[in-house]
Amino acid sequence: MEGKEVNKTKFKVIFLVLLFAFTYILHVNINTFLFQLPKRYATVPSLETFETDFWNITKAETDPLESNVTKIEEKTVIYNGAARKIDVKEVWFLSEVYGGKRIEIYGLLMQPSNIANKTPAILLLHGYRGSHKGFIEIMEYIAFHNYTVLAIDAPGCGKSTNFPECIPQNIVNTTQGPQGAYFYHAIWAALRAITFLRSLPEVDTSKIAVSGASMGGIETFIIAAIDPRVSVAIPIVAAGNYENLIRAGTFANGLMPPEVSVNDENARNVMKYFDVIAYAPKIKIPTLMLASTNDEFFTLESTNDTFNMLDASDKILNLAPNWGHFQEYKGWRESVLTWLNYHFNKANESLPKITCRYEVYRGLSTKVVVKANVSGNYELYLAYRSGSLGETWKVVPMRLENGVWTKKVSLNNPGNLMFYVIAKRGDLQFSTTPVYVVKSMSLINFVLVAILLIALVITYIYVRPLLSRKYLNYVAGFAAWLLAVLSLYLPWIAIGDRASLTIWELIERFGETFAVSPWIRYAVLIAVPLFLTSTLLKPIFGFVFSVICSSISIMLVFIVNSITKGAIAVSFTAGNFVATLSTVAYVVIWYWAKQEHGSNK
């Protein structure tokens with residue numbers, strides 16, 4: 001008898017293990033099929049839909065600056081053991097008169113003390129509601145290397161005139177054309193800053209670069225396309241296809257008033273007048289684009305599209321893996337200096353240019369052999385991931401074989417394999433290729449699902465007599481579990497009519513921001529089969545799973561609203577309803593089962 005009991009227990013354990021494995025692999029496959037990167041939430045608009053010919057920069061070049069420059073200190077800057085004195089000056093100049101108000105721009109100027117010869121110059125432009133203060137460290141670094149560096153405060157920011165204000169209502173203010181929009185005035189201030197730099201006798205006017213981050217990066221793209229006085233562009237964490245950014249649920253939604261629809265005429269006008277995608281093909285000057293794979297404002301797809309549309313004579317991408325919007329990546333400032341020195345000071349070494357090709361072998365799994373070459377003395381690494389939402393990028397060294405850098409990677413899941421090649425020197429990253437996408441037709445997971453299903457059916461024949469007869473209790477548990485799983489594939493938050501995001505899209509979009517990637521994705525994937533097998537033992541676990549899902553889905557709406565402080569209007573949607581319904585379903589069926597059980601006594 002004891003032996004039979006042991007065998008029964010063994011069969012039950014085997015059945016539960018097989019059920020867990022089957023559900024996990026099936027769930028991974030379903031998740032992979034339904035949610036795949038790269039994903040465009042809005043197609044790249046045709047260039048005919050844009051209007052960019054309104055720019056006339058003549059007055060930006062010729063109107064009196066009424067500038068005032070005051071030296072505030074001479075500071076000693078030390079890099080790599082070497083010291084150099086830097087002059088730090090405050091700058092004021094008139095940008096324009098708009099709405100009857102003088103818009104005066106404040107800037108901080110840094111340049112080497114006792115300049116003997118003319119120097120190249122670079123203009124730095126900050127992000128949304130930022131100021132020049134975010135650039136002080138990088139200004140010192142660039143000025144140390146014999147450059148004149150100017151960082152300005154945009155209108156409504158820092159010390160500049162607080163008009164027009166840098167607020168969402170002004171960003172979409174296009175009722176009287178593009179000249180009413182905030183971006184127009186921020187860009188105009190930058191154009192005037194270029195005029196100011198050209199007025200300095202110590203600046204070589206043929207060697208002026210413009211660089212900006214986020215909103216400043218948007219300005220950089222546009223200025224590079226419309227101002228022939230600029231010789232080099234370095235946009236940082238910025239990209240185009242604005243509608244894609246909005247519908248993807250990124251933080252770019254915070255730049256539009258919460259009540260404004262994505263289809264509002266003013267919102268559409270901002271895209272028509274200022275979308276970077278419209279300007280990228282017009283950029284002919286050397287362009288270094290610094291970007292991140294996990295940018296909270298600019299999606300990877302938009303970054304890739306923008307870079308590929310650049311018509312620059314010389315263009316380089318430096319894409320930081322598993323990195324967000326708000327911090328400088330290791331190697332970025334060194335790549336900026338290398339880029340400037342090559343184009344302005346005739347340095348022998350430019351940034352590494354990578355050529356890449358790949359071969360695909362499909363079978364039970366998909367194998368990709370990546371081969372690359374690089375100019376200069378650099379080591380190559382491969383960054384890759386599957387297209388499943390919430391995955392992180394793996395960065396592995398490539399192997400130099402017969403003069404070619406090579407690396408083979410495999411993907412067992414169906415879906416996409418995404419990869420790009422990185423050029424590094426030591427631990428500093430200098431350049432990358434764009435992202436390549438390979439469609440995987442791996443069959444191994446389907447084979448595993450089939451084998452597990454057969455084993456599950458066979459085991460169930462032996463286990464069935466051991467299962468409880470209280471069917472209604474199990475119906476309650478499984479109903480709660482099933483509805484909770486369904487809620488995972490429905491949107492958990494809605495941003496007006498602009499975007500609806502599932503838990504998987506939220507993990508992909510903001511997982512790196514809140515340091516929960518990749519473990520949170522695997523936690524959710526494992527929770528589904530874990531609670532299914534637990535529900536088979538005790539139906540109450542189905543209810544526990546439903547409570548967890550409904551609670552998190554509701555709390556998430558309040559958390560996002562709290563973090564964004566109302567700048568992004570987040571509301572409940574279908575996923576919250578179904579998650580809550582799962583708990584109600586369990587309670588109703590459980591109560592019915594209790595009544596049935598009582599009436600049968």
Side-chain angles (χ1 to χ4, degrees), residues 34-35 37-43 45 127-129 166-174 182 214-215 218 237-271 274-275 294-303 324-326 389-390 487-514 516-517 520 549-550 552-580:
L34 292 179
F35 301 106
L37 289 178
K39 179 180 179 180
R40 287 177 181 80
Y41 294 79
T43 57
Y128 179 64
R129 290 187 175 178
C166 183
I167 56 176
Q169 288 76 9
N170 285 336
I171 287 177
V172 299
N173 178 22
T174 59
Y182 178 81
S214 194
M215 182 183 78
I218 292 172
V237 288
N241 194 355
Y242 295 169
E243 184 172 0
N244 184 66
L245 307 179
I246 295 297
R247 294 196 180 279
T250 72
F251 283 167
N253 279 276
L255 274 66
M256 287 174 59
E259 70 278 4
V260 172
S261 164
V262 72
N263 295 314
D264 179 89
E265 183 181 1
N266 285 326
R268 306 304 300 183
N269 283 341
V270 171
M271 300 175 198
F274 302 105
D275 195 327
N294 297 75
D295 194 301
E296 296 88 346
F297 285 81
F298 301 95
T299 66
L300 181 59
E301 296 76 29
S302 287
T303 297
H325 183 81
F326 299 101
L389 297 186
S487 77
L488 296 177
Y489 290 91
L490 294 171
W492 273 20
I493 68 168
I495 305 173
D497 70 339
R498 307 176 195 172
S500 296
L501 301 179
T502 65
I503 182 64
W504 309 104
E505 289 168 305
L506 287 167
I507 293 170
E508 174 65 33
R509 191 73 58 238
F510 306 113
E512 286 292 331
T513 309
F514 299 104
V516 296
S517 289
I520 189 67
C549 289
S550 60
I552 294 176
S553 73
I554 292 169
M555 286 191 298
L556 200 58
V557 173
F558 291 105
I559 290 170
V560 174
N561 273 322
S562 175
I563 290 172
T564 61
K565 297 179 180 178
I568 301 176
V570 175
S571 59
F572 298 107
T573 187
N576 312 103
F577 172 76
V578 173
T580 304

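Side-chain atoms are counted along with the backbone in the values below, which use heavy atoms only and exclude waters and symmetry mates.
- Residues His325 and Ser214 share a closest heavy-atom pair of NE2-OG, 2.8 Å.
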Going through the checks in order, is the side chain to side chain contact (heavy atoms under 4.5 Å, CB included) test met by Ile218 and Tyr242? CA-CA 11 Å; Ile218 292 172; Tyr242 295 169; 3.1 Å; yes

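- Closest approach of Ser261 and Ala267 over heavy atoms only: O-CB, 3.6 Å.
- The shortest heavy-atom contact between Ala579 and Ser550 is O-CB, 3.4 Å.
- Here the side chains of Ile507 and Val516 are not in contact, with every heavy-atom distance at 4.5 Å or above.
- When ring centroids are compared, Phe251 and Phe510 come within the 6.0 Å threshold.
- If you run ring-ring contact (aromatic ring centres under 6.0 Å, His included) between Phe572 and each of Phe558, Trp492, Phe577, only Phe558 comes through.
- To the nearest 0.5 angstrom, Tyr182 atom OH is 9.0 Å from Tyr128 atom OH.
- The shortest non-hydrogen separation linking Val570 to Asn561 is O-ND2, 3.0 Å.
- The number of heavy-atom neighbours closer than 6.0 Å to CD of Glu265, taken from other residues, nucleotides and ligands shown, is 12 or below.
- In this structure, Pro38 and Leu300 have side chains that are not in contact, with every pair of non-hydrogen atoms separated by 4.5 Å or more.
- Remark: Arg509 pairs with no residue by the side chain to side chain donor-acceptor pair (under 3.5 Å) rule, at least two apart or across chains.
- Each of Asn244, Thr250, Asp295 was evaluated against Ser302; a single residue qualifies, Asn244, per the side-chain hydrogen bond (donor to acceptor under 3.5 Å, both in side chains) test.
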Test log, rule side chain to side chain contact (heavy atoms under 4.5 Å, CB included), inputs Asn576 and Val557: CA-CA 9 Å; Asn576 312 103; Val557 173; 4.1 Å; yes

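- The distance from the CG atom of Asn294 to the OG1 atom of Thr513 is 7.5 Å, given to the nearest 0.5 Å.
- Paired with Arg498 under the rule side-chain contact (heavy atoms from CB on, under 4.5 Å), one option of Ile568, Asn253, Asn263 passes, and it is Asn253.
- Expressed to the nearest 0.5 Å, how far CE of Met271 lies from CD1 of Ile246 amounts to 6.0 Å.
- From Asn266, atom CG reaches atom CD of Gln169 across 11.5 Å, with rounding to the nearest 0.5 Å.
- Put simply, CG on Asn173 and CG on Asn269 are 10.5 Å apart, with the number rounded to the nearest 0.5 Å.
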Please report the C-alpha distance between Leu389 and Leu37 in whole Å, then the side-chain angles of each, then the deciding distance to 0.1 Å, and finally whether the side chain to side chain contact (heavy atoms under 4.5 Å, CB included) criterion is met. CA-CA 7 Å; Leu389 297 186; Leu37 289 178; 3.5 Å; yes

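- In terms of heavy atoms, Pro168 sits closest to Arg129 at CD-NH2, 3.9 Å.
- Side-chain atoms of Glu301 and Tyr41, non-hydrogen and from C-beta on, never get closer than 4.5 Å to each other.
- Across every non-hydrogen atom of Ala252 and Leu245, the tightest pair is CB-CB, 4.2 Å.
- Pairs engaging residues 244-257 under the salt bridge (Lys or Arg N to Asp or Glu O under 4.0 Å) rule: Glu243-Arg247 [sequence neighbours left out].
- Aromatic ring pairs are classed by plane angle as parallel below 30°, tilted from 30° to 60° and perpendicular above 60°; the pair Tyr489 and Trp504 is tilted.
- A distance of 8.0 Å separates CG in Leu255 from CE in Met215, rounded to the nearest 0.5 Å.
- The neighbour count for Phe514 CZ, taken as heavy atoms of other residues, nucleotides or ligands under 6.0 Å away, is above 12.
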Run the side chain to side chain contact (heavy atoms under 4.5 Å, CB included) test on Leu506 and Ile493 for me, step by step, so that the C-alpha distance in whole Å, both residues' side-chain angles and the decisive distance to 0.1 Å come before the verdict. CA-CA 9 Å; Leu506 287 167; Ile493 68 168; 3.6 Å; yes

